[in-house]
There are 2 protein chains.
Amino acid sequence: MAHTYTPPVQALIDELGRLPGIGPKSAQRIAFHLLKVSDDDANRLASAIRDAKARVRFCERCFNVSESDLCGYCSDDRRDSSIICVVEESRDIVAIEKTGEYRGRYHVLLGAMSPLEGIGPEQLKIRELLNRLGPEGVEEVIVCTNPNTEGEVTAMYLARILKPLGLSVTRIASGLPVGGDLEYADELTLGRALEGRRAIDA
Amino acid sequence: MAHTYTPPVQALIDELGRLPGIGPKSAQRIAFHLLKVSDDDANRLASAIRDAKARVRFCERCFNVSESDLCGYCSDDRRDSSIICVVEESRDIVAIEKTGEYRGRYHVLLGAMSPLEGIGPEQLKIRELLNRLGPEGVEEVIVCTNPNTEGEVTAMYLARILKPLGLSVTRIASGLPVGGDLEYADELTLGRALEGRRAIDA
């Protein structure tokens, strides 16, 4: 007898292990959890996967997740179409919406440039972003990619191709988190916070 | 528009978030990963879950995962039925089998005692273990529960009820991992390693 699990268990562990952030040990743990819970509980997850895959697609304009051709933001006429906020993933839109500060449109790149992983501009929805600028009368592009290496590279690239088109290209501010503690900030963040200092309105 | 995802996406995130070790952020990340991959890739996971739930049950003797009434170890006549190795989970059996050092039977408790979580002996397959001792002619029980609080409590409990039955009850050794470094061992492990010291055959 081989020192592995019975085939359906091994298959489940293997499939779980393909998910991002799930190592072999977590995959095992989740697989045995699923075997222990009721059939209903486990099958609800299976159904949720099938259901999401069947019903959810990407908005054909901005590539946000959507159940129809256009997502809720693209089909909402009250949103300001002269501003596009460019994000890496749909989940970033949810984060920005929670602030209640933004009333423009979005564009999801579905990733960020990463020379190490071979992800260049052509793998992202950048061409599709460019195609929106004229028809939608876009005047400002706010680049909200993540403040890490990949996000910064992507922001630089976007600025370089968008600025010559006469658009205002801005980048979200980096700095100390509100409620954070100067003492515990890493030097990069603190450096950015200093660099981005603003006059105090008093 | 609420600041959440379209319902099938939210349902998927919710279901993923119920898995052990998956927090809200990981659930989001995995959900979007599943939305991005091909339908085939995502549905393979859904099928693996359904398939495992449909085909896999627990061995009616030892509670190892199995595709038939008895698992491979319980139905293998070449295994020594006078020794039972008691483990918390099926995955521990795979780990022990990999050593190639053990030829006896197994018994899976499906957990460990945890007063904090309200898991007592009656929630574990301890009664079923006791029922096996006579019919199978068991002489030794090796308690291979994890060397943590829950595993130790379970081991103590098992020793207390099994020893009066005239069985030899042993516990796997705790100590330094092979290839490990004394300097980096925590004091509990080092204490156990000292306590469990053995004469050197020379």
Side-chain angles (χ1 to χ4, degrees), chain A residues 1-9 11-16 18-22 26 28-37 39 41-58 64-67 71-73 76 89-91 93-98 100 110-111, chain B residues 1-9 11-16 18-22 25-26 28-37 39 41-58 64-67 71-73 76 89-91 94-98 100 110-111:
Chain A
M1 192 170 185
H3 310 318
T4 51
Y5 300 101
T6 190
V9 177
L12 178 56
I13 294 173
D14 291 348
E15 286 302 327
L16 288 166
R18 275 187 242 281
L19 299 176
I22 306 286
S26 306
Q28 254 184 40
R29 201 165 140 218
I30 295 171
F32 280 100
H33 166 85
L34 287 170
L35 287 172
K36 265 202 221 171
V37 298
D39 280 10
D41 280 352
N43 288 334
R44 231 185 8 248
L45 171 58
S47 303
I49 295 169
R50 283 186 195 280
D51 205 40
K53 287 305 281 187
R55 289 169 59 190
V56 178
R57 49 198 141 156
F58 294 107
N64 182 17
V65 288
S66 173
E67 286 185 79
C71 76
Y73 304 110
D76 182 352
E89 305 286 353
S90 285
R91 57 177 177 253
I93 295 183
V94 173
I96 293 169
E97 282 300 304
K98 278 187 184 148
L110 294 180
Chain B
M1 191 170 187
H3 310 318
T4 50
Y5 300 101
T6 189
V9 177
L12 179 56
I13 293 174
D14 291 347
E15 287 301 328
L16 288 167
R18 275 187 240 281
L19 299 176
I22 306 287
K25 289 280 165 195
S26 306
Q28 252 184 42
R29 200 164 142 218
I30 295 172
F32 280 99
H33 166 85
L34 288 170
L35 288 171
K36 265 202 221 171
V37 298
D39 280 10
D41 281 351
N43 288 334
R44 231 186 7 249
L45 171 57
S47 304
I49 295 169
R50 283 185 195 281
D51 205 41
K53 287 304 281 186
R55 288 169 59 189
V56 178
R57 49 198 141 156
F58 294 107
N64 182 17
V65 288
S66 172
E67 283 184 81
C71 76
Y73 302 112
D76 183 350
E89 305 285 353
S90 285
R91 57 176 177 254
V94 173
I96 294 169
E97 282 298 304
K98 278 187 184 147
L110 295 180

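Worth saying up front: this structure is predicted, and the values here are computed from it rather than measured. Within every chain, numbering begins at 1; the chains are lettered A, B, ... in the order of the sequence lines, protein sequences first and strands thereafter.
- The contact between A/Glu89 and chain B is made entirely by side chain atoms (from C-beta outward), counting heavy-atom distances below 4.5 Å.
- Neither the backbone nor the side chain of A/Arg57 comes within less than 4.5 Å of any heavy atom of chain B.
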Exercise. Given B/Val65 and A/Phe32, is the side-chain contact (heavy atoms from CB on, under 4.5 Å) satisfied, shown in steps?
Worked result: CA-CA 9 Å; B/Val65 288; A/Phe32 280 100; 3.5 Å; yes
Exercise. Can B/Lys36 and B/His33 be said to form a side-chain contact (heavy atoms from CB on, under 4.5 Å), step by step?
Worked result: CA-CA 5 Å; B/Lys36 265 202 221 171; B/His33 166 85; 5.8 Å; no
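- For the set A/Ile93, A/Leu12, A/Asp14, the entry with the most heavy-atom pairs within less than 4.5 Å of chain B is A/Leu12.
- If you tally non-hydrogen atom pairs under 4.5 Å between each of B/Ile13, B/Asn43, B/Ile96, B/Val37 and chain A, the highest count goes to B/Asn43.
- With values rounded to the nearest 0.5 angstrom, A/Ile49 atom CD1 is found 4.5 Å from A/Leu45 atom CG.
- Contact annotation for B/Asp41: only backbone heavy atoms (N, CA, C, O) come within less than 4.5 Å of a heavy atom of chain A.
- Using a 4.5 Å cut-off between heavy atoms, A/Ile22 touches chain B through its side chain atoms alone.
- Taking 4.5 Å as the limit, some side-chain heavy atom of A/Leu19 sits within range of a side-chain heavy atom of A/Leu16.
- Side chains of A/Leu110 and A/Phe58 form a contact here, defined as non-hydrogen atoms less than 4.5 Å apart.
- Rounding to the nearest 0.5 Å places CG of B/Asp39 at 10.5 Å from CZ of A/Arg50.
- Counting heavy-atom pairs under 4.5 Å between each of A/Ser90, A/Ala31, A/Ala54, A/Ala11 and chain B puts A/Ser90 at the top.
- Looking only at heavy-atom pairs under 4.5 Å with chain A, the residue among B/Val9, B/Asp51, B/Leu35 that has the most is B/Leu35.
- A/Ser26 does not touch chain B: none of its heavy atoms, backbone or side chain, sits under 4.5 Å away.
- The side chain to side chain contact (heavy atoms under 4.5 Å, CB included) search around B/Arg29 returns A/Pro20, A/Arg91, not counting sequence neighbours.
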